[in-house]
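In what follows, a single structure is set out as structure tokens and then discussed.
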Amino acid sequence: MFSNPFLLAFPFFLLLCFLLYWAGARHAYLRRPAVENGNPDAFGWHFFVPCRDEEAVVGTTVARLRADHPAAHVWVIDDDSDDRTGAIVAGLSEEDRRVHLVRRHRPHARQGKGAALNAAYDELNEFLSKDTDRERVVVCVVDADGQLAPDALARVSGPQGFGDPEVGGVQVSVRMRNAGEKHPLGEDRGRVANAFARLLVRMQDMEFSVSNAGMQLLRGRTGSVGLGGNGQFTRLASLDRIAAAERRPWQRGALLEDYELGLHMILSGDRIAHIADTWVSQEGLPHGRRFLTQRTRWAQGNLQCVRYAPRIVSSRHYGGRGVLETLYTFLQPVAHLVTLALCAVMFVLLGLTAAEDGVGAAFGGMLALWPLVLGLAVLSIGPFVLWGPVYRRDFASDRSLLTAVLWGLALWLYAYHLFPASARGFVRMLRGRNGWAKTRRNAESTASGPVAIEA
């Protein structure tokens, strides 16, 4: 049953790649240098906030951005919302000249986040004077439920950020601000449901705060930092260079328009930095279905990005390590699909062996491999567990070490969502389904008016 060398070698190869990547990410996170502040007044700041049916959160987001960053302009893109999003922002813009409403209407609206951001880019170009130094204008994309750290502009202005003229983009860390909420679903939903929701949100916070931050810091060393959809800073001049080559900064129809923007930025010669010592917060998703919908979209977007592989391999702006890291990221959903297929094949072979030689013989052979299975389990689970104490140290110092270890075990189980998400994303791609309704906000169940729901 186990004579096929590919069946034997492929899982070990994937595990080796995972361990190398994890070790690099952990080292980069734990050994990251201190971030120096810069002078935010040296730049002009413009926040882009894309919105579709966001009346539940947009008012708070705009008010927070204006209060914490009074010198910045806020551009809210209303993508033809069916609720009061446009009316709320219009009211705010009448009271504050630094709040701008970008209205979009069907049939040109609702064509994806990238198209909405391109509309704001066009409006910003009309707003700025022709003699503006576009190298010193910075655009920051913030989700409609996003809240940016008060020190973020000072951090990204420093020598590790836009203080370096070669840096065209900066991504800051992402946190889940409802990670400590005791009843994410409301007290009426019961203990078990709320416990699961609480753990799901905690895992998202742990994933972004330490695991993904480490991954991005590793990418800083390989020259392949990715931009995210929340807390994404870019020089306006860098967006101009992409627009000159691609006709628009953000790719229309892309499910990961943020990550693809980063690819184009590196391909055009700009460097992207990740700063882990400041943050943007968003709502963690406490609903399993909404979470899986979001992650399926991300997996499908990763599969879309595979088309960039030839350009990246041949680009003079990507070094060897950057090429390897980027291809590893692209091929993660593919690896998950192959793993699922191999598991199915191995179960079929096990069943055939049991039918021919008896159940005892089939499972007896497997039991003889228990030392190997135990060793693989330690190597597979251990890296996730070791993130637990790191997360506790930096973000949950009031919790016990045992809790941190249990969170690490939960992170291992949580990672298995990648397999169904990758499978669903692949099926959607085969069926030509590339459109998505936005994931419903946690607060929308109590908001008045119609809301968008997940597809």
Side-chain angles (χ1 to χ4, degrees), residues 51-61 64 83 113 142-148 173-213 228-231 279-301 384 387-388 391-392 394-396 398-399 403-404 406-422 424-425 436-455:
C51 291
R52 176 181 164 186
D53 301 329
E54 299 284 12
E55 68 172 11
V57 294
V58 67
T60 300
T61 298
R64 178 74 178 264
D83 64 2
K113 185 177 178 181
V142 178
D143 279 354
D145 68 332
Q147 294 182 10
L148 195 65
S173 285
V174 178
R175 299 181 188 174
M176 305 298 144
R177 63 174 171 272
N178 56 336
E181 200 170 314
K182 291 185 178 181
H183 302 96
L185 303 178
E187 295 185 20
D188 58 325
R189 288 294 300 274
R191 284 188 175 183
V192 175
N194 271 297
F196 172 79
R198 191 163 56 246
L199 183 61
L200 181 59
V201 174
R202 179 67 69 177
M203 290 302 99
Q204 292 168 67
D205 189 50
M206 192 170 173
E207 173 190 21
F208 277 92
S209 298
V210 291
S211 178
N212 284 7
N230 200 11
W279 48 267
V280 64
S281 71
Q282 63 190 45
E283 293 179 329
L285 295 175
H287 303 274
R289 182 185 170 196
R290 299 182 194 182
F291 172 79
L292 186 58
T293 296
Q294 178 195 70
R295 297 313 173 96
T296 300
R297 180 172 73 249
W298 294 0
Q300 187 177 354
F384 294 97
W387 278 125
Y391 176 76
R392 171 181 175 264
D394 292 348
F395 302 101
D398 59 324
R399 302 302 182 95
T403 298
L406 292 176
W407 279 344
L409 285 170
L411 186 67
W412 165 63
L413 295 173
Y414 167 86
Y416 280 95
H417 79 267
L418 295 169
F419 291 94
S422 296
R424 293 179 80 225
W436 289 83
K438 78 176 187 70
T439 305
R440 190 186 307 164
R441 300 293 179 200
N442 299 337
E444 286 182 350
S445 59
T446 58
S448 60
V451 296
I453 60 173
E454 57 267 35

Nearest 0.5 Å, what's the [atom1]-[atom2] distance between [X] and [Y]?
X      : Y      : atom1 : atom2 : value
Glu187 : Lys182 : CD    : NZ    : 10.0 Å
Gln294 : His417 : CD    : NE2   : 8.5 Å
Ser211 : Leu411 : OG    : CG    : 6.5 Å
Asp205 : Ser281 : CG    : OG    : 10.0 Å

**Study point:** Steps toward salt bridge (Lys or Arg N to Asp or Glu O under 4.0 Å) verdict (Glu207, Arg175)
**Key:** CA-CA 9 Å; Glu207 173 190 21; Arg175 299 181 188 174; over 6 Å; no

- Are Tyr391 and Arg202 linked by a side-chain donor-acceptor pair shorter than 3.5 Å?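 Side-chain D/A pair, Tyr391 to Arg202: present.
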
Is it the case that the side chains of Gln282 and Asp145 hold a donor-acceptor pair, with the cut-off being a distance below 3.5 Å and no angle test?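 Asp145 vs Gln282: no donor-acceptor pair found between side chains.
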
List the atom of [X], the atom of [Y], and the distance in Å for their closest heavy-atom pair.
X      : Y      : answer
Pro286 : Pro184 : CB-CB, 3.8 Å
Ala410 : Leu199 : CB-CD1, 4.1 Å
Trp279 : Leu148 : O-CD1, 3.7 Å
Val280 : Asn230 : CG2-OD1, 3.5 Å
Gln300 : Gly425 : CG-O, 3.7 Å

Between the side chain of [X] and the main-chain N/O of [Y], is any donor-acceptor distance below 3.5 Å?
X      : Y      : result
Thr61  : Ala144 : yes
Asn194 : Leu185 : yes
Gln204 : Leu200 : yes
Lys113 : Gly229 : yes
Thr403 : Arg399 : no

* Worked verdict on His183 versus Asp188 for side chain to side chain contact (heavy atoms under 4.5 Å, CB included) -> CA-CA 9 Å; His183 302 96; Asp188 58 325; over 6 Å; no

Inset, instruction - Give the intermediate values and the outcome of side chain to side chain contact (heavy atoms under 4.5 Å, CB included) for residues Arg424 and Leu292. - result: CA-CA 9 Å; Arg424 293 179 80 225; Leu292 186 58; 3.4 Å; yes

Mind checking what makes ring pair (Phe, Tyr, Trp, His ring centres under 6.0 Å) contact with Phe419, not counting sequence neighbours?
->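 Result, ring pair (Phe, Tyr, Trp, His ring centres under 6.0 Å) vs Phe419: His336, Tyr416.
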
Is there a side-chain contact between [X] and [Y] (heavy atoms, below 4.5 Å)?
X      : Y      : value
Arg177 : Glu283 : yes
Phe384 : Leu413 : no
Leu285 : Met176 : no

Practice item. Count the heavy atoms of every other residue, nucleotide or ligand shown that sit under 6.0 Å from CZ of Phe196, and state whether that count exceeds 12. Key: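 No, the 6.0 Å shell around CZ holds no more than 12 heavy atoms from other groups.
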
One pair to check against side chain to side chain contact (heavy atoms under 4.5 Å, CB included): Met206 and Phe395. What are the steps and the verdict?
CA-CA 9 Å; Met206 192 170 173; Phe395 302 101; over 6 Å; no

_Could you check whether Phe291 and Tyr414 have their ring centres less than 6.0 Å apart?_
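Ring centroids of Tyr414 and Phe291 are less than 6.0 Å from each other.
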
